[in-house]
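Excluded from the calculations below are hydrogen atoms, water molecules and symmetry mates; all remaining heavy atoms, backbone and side chain alike, are included. Labels below follow one simple rule: chain letters A, B, ... track the order of the sequence lines, proteins then strands, and each chain is numbered from 1.
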Amino acid sequence: MNPDQLSETIVDVLQALVADGAITLPDGVPTQVTVERPRQKGHGDYATNVALQLAKRVQIGGQGTNPRAFADLVAERLRAADGVAEVEVAGPGFLNVTVEAGAQGQVAADVVAAGEAYGSSDAFAGEKINLEFVSANPTGPLHLGGVRWAAVGDALGRIFEKTGADVTREYYFNDHGAQIDRFSSSLLASAKGEPAPEDGYGGQYIHDIAAAVVERRPDVKELDDAQAQEVFREVGVDMMFEEIKKSLHDFGVDFDVYFHEKSLHDSGAVERAIERLTEMGNTYEADGALWLRTEQYGDDKDRVIIRSNGTPAYISGDLGYYLDKRERGFDRCFIMLGADHHGYVGRMNAMCSAFGDEPGKNLEILIGQMVNLLRDGEPMRMSKRAGTVVTIDDLVDAIGVDASRYALARYHSDSPIDIDLDLWSRATNDNPVFTVQYAHARVSSLMRNAADLGVSAASHPELLTHEKEGELLRALAEFPRVVKAAAELREPHRVARYLEELAGTYHRFYDSCRVLPRGDEETSDLHRARLMLVDATRVVLANGLDLLGVSAPERM
RNA sequence: GCCCCCGUAGCUCAGCUGGAUAGAGCGAGUCACUUCUAAUGACUGGGCCGCAGGUUCGAAUCCUGCCGGGGGCGCCA
């Protein structure tokens with residue numbers, strides 16, 4: 001019996017009560033009820049607050065009732081349900097449910113049978129989801145802000161896939177415009193041995209790329225500055241972008257679509273978007289420019305989409321891009337941005353409304369707060385001008401891909417994080433990724449020993465009656481709900497926190513429940529049943545780590 | 001000035017989308033290894049959940065106002 005099954009059982013009880021005329025529920029019976037694991041020992045295996053939630057609406061014999069009386073009524077029927085051992089009414093009207101050992105022990109076999117599929121659901125089945133993240137312009141190596149979303153965005157994609165969605169990961173970049181001009185003029189300056197221009201980019205990578213461009217295109221030295229800069233632009237952007245892609249690939253993140261801003265203008269998507277918005281009466285001309293009426297959709301003010309000099313403003317690309325995504329059939333478009341871009345949220349949501357769509361549904365903008373790296377307790381400061389950018393490679397070189405991805409995905413993206421490089425490279429249990437990976441290695445080791453002894457797992461759910469076995473079973477049963485909540489709330493960190501809790505629960509089980517026979521002890525059904533539980537733990541740890549893009553090592 | 005995010009144990013943070021006596025890890029103290037990986041576990045101490053109101057059976061959670069910290073507010077991209 002897992003929480004979802006218990007919820008169904010309770011719903012069945014409510015329906016039976018209604019069918020028998022024992023109660024009336026004017027709004028109908030809910031399709032599911034809240035089932036939680038009580039924090040407090042002595043409150044049963046699971047608790048539900050249905051009676052408290054429904055007491056106001058429920059009527060018994062045409063009369064209103066109070067939560068306790070209603071709870072008593074539900075408890076009486078629930079006690080008779082399959083898999084339920086005991087029901088207690090407590091406090092203001094909570095129902096504390098103790099599950100029969102056999103029903104609970106079944107979870108282990110169910111998990112093992114499901115294997116890699118365990119944790120999946122159809123919560124987002126049939127949804128076409130577009131995740132746009134990182135989207136850094138190719139003017140330098142990927143810096144920390146982008147890396148946070150690489151880890152979190154990819155994990156979110158994996159979580160959505162686990163809940164049945166059809167996910168496309170997308171990277172949007174522009175290969176023209178002022179930033180790219182500054183990049184290419186910086187390359188040119190470097191090649192000529194001159195200092196970086198004002199507003200230019202500094203740093204060793206500029207010199208490296210400038211040299212590489214010269215090597216690939218020796219003729220660049222013969223050209224005048226304007227032509228040379230064009231070559232640096234073309235070749236340099238290409239090289240920079242390849243480097244970013246490679247860094248991301250090594251980080252375990254690959255995109256399905258790399259979208260060029262330029263293609264929107266070439267394909268006419270921008271014009272189509274503007275036409276559409278104009279037809280809907282959401283644009284107007286003023287001061288020689290074309291404006292979008294974003295203010296009436298909640299933005300601070302209206303936005304220019306075509307400047308008075310006739311060139312499209314940056315937002316025009318966003319208009320075309322959004323329309324293009326919608327035309328490609330994405331009902332849910334996510335854009336993940338750094339905190340320094342939160343000013344976009346208002347105008348982007350307004351744009352979404354201007355198209356007649358629903359912000360928060362068709363378009364969701366997620367904001368990730370700042371990331372700082374701490375080395376010896378001191379923050380590593382960044383400066384683009386000086387070229388002291390902290391990059392994805394700095395992070396990975398310091399603590400590795402697994403720790404990097406875990407550290408970035410472990411926190412709510414709304415909170416700023418400091419990543420202590422010393423902590424995250426330590427092989428001790430104050431390093432969270434280590435704790436979880438170690439638990440997996442420990443489980444794997446036990447499975448190997450079992451194989452050596454010729455002990456194989458078998459399902460004997462009724463034998464898993466130890467308190468620590470129950471706790472572990474309930475933790476394992478929780479996984480699908482955690483994945484679902486992570487998807488619904490767009491919070492991958494829930495998976496990481498859950499895995500840490502599971503690791504602890506496993507260690508406690510391991511400490512008090514001997515799994516394998518000692519010495520010449522006979523192998524019993526309890527040994528085999530516990531081995532099944534251990535295997536189930538292995539499955540969940542591995543599946544959970546996979547959702548975060550972190551490896552599950554068998555030895556450490 | 002306006003907007004967004006944050007404020008929970010000495011530290012780093014969770015808190016199951018309003019539930020019961022507020023949780024974990026680290027750090028501090030005590031204890032347990034003829035080990036299935038002790039890279040672990042058990043126990044102890046530690047809190048006006050920033051402050052003040054409000055909403056209700058019930059608030060760390062929702063609303064309002066303050067205080068403190070971080071970030072952002074271009075016909076830049």
Fill in: Phosphate-side-chain proximity, H341(A) and C76(B), N/O vs OP1/OP2 below 4.0 Å
no
Item to complete: Nearest whole angstrom, please: distance from the P of G41(B) to the CG of D430(A).
Response: 13 Å
Response to the item:
A339(A) has its side chain closest, among C16(B), G71(B), U56(B), to G71(B)
Practice prompt. Identify which nucleotide among G19(B), C75(B), A39(B) has an atom closest to any side-chain atom of N49(A), counting heavy atoms from C-beta outward.
Written response: G19(B)
Discussion item. Please report the distance separating the P of A42(B) from the corresponding atom of A59(B), rounded so that it comes out in whole Å.
Written reply: 32 Å
Worksheet entry | Ring-face cation of R481(A) near Y498(A) (centre distance under 6.0 Å, axis angle within 45°) | no
Worksheet item: Has the side chain of D340(A) got a donor or acceptor atom sitting under 3.5 Å from an opposite partner on the base of G71(B)?
Response: no
Discussion item. Heavy atoms from C-beta onward define the side chain here; which of G15(B), C75(B), G71(B) lies closest to that of M370(A)?
Written reply: G71(B)
Item to complete: Between K301(A) and E488(A), name the one whose nearest nucleotide on RNA chain B is closer to the 5' end.
Response: E488(A)
Worksheet entry | Short side-chain N/O contact to G15(B) OP1/OP2 from R494(A), under 4.0 Å | yes
Discussion item. When you measure from the side-chain N and O atoms of R307(A) to the phosphate of C76(B), is any distance below 4.0 Å, counting only OP1 and OP2?
Written reply: yes
Item to complete: Output the single nucleotide from U17(B), C16(B), A20(B) whose closest atom is nearest the side chain of T34(A).
Response: U17(B)
Worksheet, complete the sentence: Quick note, H43(A) side chain, CB onward, closest among A20(B), A39(B), C16(B) is A20(B)
Worksheet item: Where along nucleotides 4-13 of chain B does protein come under 4.0 Å, by heavy atom, of base (B) or sugar-phosphate alone (S), with - for untouched nucleotides?
Response: SSS-----SS
Worksheet item: Any side-chain N or O of N96(A) less than 4.0 Å from the OP1 or OP2 oxygen of A20(B)?
Response: no
